[in-house]
Amino acid sequence: MTALEPRADAAAAPSPGLAVTIRNYVALTKPRIIELLLVTTVPTMFLAQRGLPSLWLVIATLVGGALSAGSANTLNCYIDRDIDKLMHRTEGRPLATGAITPAAALRFGIALSVVSTLWLGLLVNWLSAALSFGAMAFYVGVYTMVLKRRTAQNIVWGGAAGCMPVLIGWSAVTDTVAWPAVILFLVIFFWTPPHYWPLSMRFKDDYAAAGVPMLPVVAQDVAVARQVVAYSWAMVAASLALVPVADMGWVYLVGAVVSGALFIGEAHRLLARAKEGAAASVLKPMRLFHFSISYLTILFLAVAVDPLLHLAL
């Protein structure tokens, strides 16, 4: 072998196929989070319409919302790529593994933001486009760049971006923002801490290793569980406030009361176990995390069904 001949072990690794590349870019958008956001958008549109909105309007709003959320999540991955490498929960993300370069991710995130804003503005309305862009800018600029690494209350205020789909869904139908949409915004705002803090309790070692001051990292389990209980009660109270504000009927009331009671019960069980000094295997914070997703699904299903099968109180 001469000096000019390439060595076999120095040959360039084959480029990933198109399917793998597409999967990596989709992973950047965090599709599971997008699904949860869209679960709140469509029912809000049903409530705003007091019936079935235009199928085209629903599709246009969902596509625009998904592109916007995908942009925010992609830019979040771009900014957090250093700490994602340090956390077991996120070490497999495309930027952490090097499957996608930071420059390519940044271009992709910016492109999605432009496309989503124009899509919503031209095909839905410009109020929805403005709300969507504002949510994206808040999540990236305020939560990811300012709050996340500086305060234990990061998810409380940063979570406001995740509340915006209800405002977008309402404005898509009415081209306004009204009190029922604000109430639903508050429900999700109060839901976010008891949804996310149990996950943070489960992975607090990851957050500690990455230097992210999530509340479970800087506070004892009992203190975290007490705040989870407080936010859970506030969330249920906000959900019940929708009944008089939006003239909801029995379908929604029963759904809100039953699911809310189960949520509060699970939150209090978490607090009881924390007071006993339970180990992580006994504390089981992920029980509440998983139920919180079911709760939101049940509640917003009731939001959608109530206008269709309205049984007045």
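As the structure is a computational prediction, the values presented were derived from the model and not from experiment.
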Closest heavy-atom pair and its distance - Pro285, Leu270 =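 It is CA-CD1, 4.0 Å.
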
Under 3.5 Å, is there a donor-acceptor pair between the Thr151 and Asn154 side chains?
->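 Absent: no donor and acceptor within the cut-off.
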
Any donor-acceptor N or O pair under 3.5 Å, side chains Asn76, Thr144 |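 Yes, side-chain donor-acceptor contact under 3.5 Å.
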
How far does CD1 of Ile168 sit from SG of Cys163, to the nearest 0.5 angstrom?
->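 The SG atom of Cys163 is 11.0 Å from CD1 of Ile168, to the nearest 0.5 Å.
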
So how far is it from Leu62 CG to Met45 CE, rounded to the nearest 0.5 Å?
->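 Rounded to the nearest 0.5 Å, the CG-CE separation comes out at 7.0 Å.
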
Transitive ILVMFWY side-chain link [X] to [Y], under 4.5 Å:
X      : Y      : result
Met136 : Ile33  : no
Val182 : Val156 : yes
Leu186 : Ile298 : no
Leu38  : Val173 : yes
Val236 : Trp233 : yes

Taking the side chain from [X] and the backbone from [Y], do they hold a donor-acceptor pair closer than 3.5 Å?
X      : Y      : value
Arg81  : Cys77  : no
Ser171 : Leu167 : yes
Ser54  : Trp56  : yes
Ser200 : Tyr196 : yes

With a 4.0 Å cut-off, would you call [X] and [Y] a salt bridge?
X      : Y      : answer
Arg149 : Asp82  : yes
Arg93  : Asp80  : no
Arg269 : Glu266 : yes

With side chains defined as the heavy atoms from C-beta onward, is the minimum distance between Tyr139 and Met145 less than 4.5 Å?
->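 No. Closest side-chain heavy atoms not under 4.5 Å.
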
Non-hydrogen side-chain atoms of Trp191 and Leu299 separated by less than 4.5 Å =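 Counting from C-beta outward, Trp191 and Leu299 never come under 4.5 Å.
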
Can you check side-chain contact (heavy atoms from CB on, under 4.5 Å) on Thr61 and Thr41, steps first, answer last?
-> CA-CA 8 Å; Thr61 304; Thr41 304; 4.0 Å; yes

On the ring face of Phe291, is Arg287 found with NZ or CZ under 6.0 Å from the centre and within 45° of the axis?
->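 The answer is no, since Arg287 fails at least one limit relative to Phe291.
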
Just jot down the side chain to side chain donor-acceptor pair (under 3.5 Å) partners of Thr90, sequence neighbours excluded, or say none.
->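 Once residues adjacent in sequence are excluded, the partners of Thr90 under the side chain to side chain donor-acceptor pair (under 3.5 Å) criterion are Asp84.
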
Counterpart residues, side chain to side chain donor-acceptor pair (under 3.5 Å), relative to Asp306 (two or more places apart) =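 Counting only residues at least two positions away or on another chain, Asp306 forms a side chain to side chain donor-acceptor pair (under 3.5 Å) with His310.
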
Counterpart residues, side-chain contact (heavy atoms from CB on, under 4.5 Å), relative to Ala210 (two or more places apart) =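 Ile83, Leu86, Met87, Val212.
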
Would you call the rings of Phe189 and Phe185 parallel, tilted or perpendicular if under 30° counts as parallel and over 60° as perpendicular?
->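 Ring orientation of Phe189 relative to Phe185: parallel.
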
Taking only residues at least two apart or on different chains, which pairs with a member in residues 220-234 satisfy salt bridge (Lys or Arg N to Asp or Glu O under 4.0 Å)?
->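 Listed by first then second residue: Lys204-Asp221.
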
Determine, stepwise, if the pair Ile79 / Val140 fulfils side-chain contact (heavy atoms from CB on, under 4.5 Å).
-> CA-CA 8 Å; Ile79 295 167; Val140 175; 3.6 Å; yes

Just do the side-chain contact (heavy atoms from CB on, under 4.5 Å) check on Leu184 and Leu47 with the steps written out, would you?
-> CA-CA 11 Å; Leu184 290 174; Leu47 181 58; 4.2 Å; yes

Is the centre of the Trp197 ring less than 6.0 Å from the centre of the Tyr231 ring?
->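 Between Tyr231 and Trp197, which both carry aromatic rings, the centre distance is below 6.0 Å.
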
Tell me, yes or no, whether the heavy-atom count around Gln220 atom CD, taken from other residues, nucleotides or ligands under 6.0 Å, exceeds 12.
->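 No.
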
Begin with the C-alpha distance, continue with both residues' side-chain angles, and end with the deciding distance and a verdict on side-chain contact (heavy atoms from CB on, under 4.5 Å) for Val303 and Phe46.
-> CA-CA 8 Å; Val303 169; Phe46 277 53; over 6 Å; no

Distance-only donor-acceptor pairs under 3.5 Å for side chains of residues 245-263, two or more places apart:
{"unit_1": "Trp250", "atom_1": "NE1", "unit_2": "Ala312", "atom_2": "O", "d": "3.4"}
{"unit_1": "Tyr252", "atom_1": "OH", "unit_2": "Ser239", "atom_2": "O", "d": "2.6"}
{"unit_1": "Ser259", "atom_1": "OG", "unit_2": "Gly255", "atom_2": "O", "d": "2.6"}

For residues 102-123, which side-chain donor-acceptor pairs fall under 3.5 Å, sequence neighbours excluded?
{"unit_1": "Ser113", "atom_1": "OG", "unit_2": "Ile110", "atom_2": "O", "d": "2.6"}
{"unit_1": "Ser116", "atom_1": "OG", "unit_2": "Leu112", "atom_2": "O", "d": "3.0"}
{"unit_1": "Ser116", "atom_1": "OG", "unit_2": "Ser113", "atom_2": "O", "d": "3.0"}
{"unit_1": "Thr117", "atom_1": "OG1", "unit_2": "Ser113", "atom_2": "O", "d": "2.8"}
{"unit_1": "Trp119", "atom_1": "NE1", "unit_2": "Ala60", "atom_2": "O", "d": "2.8"}

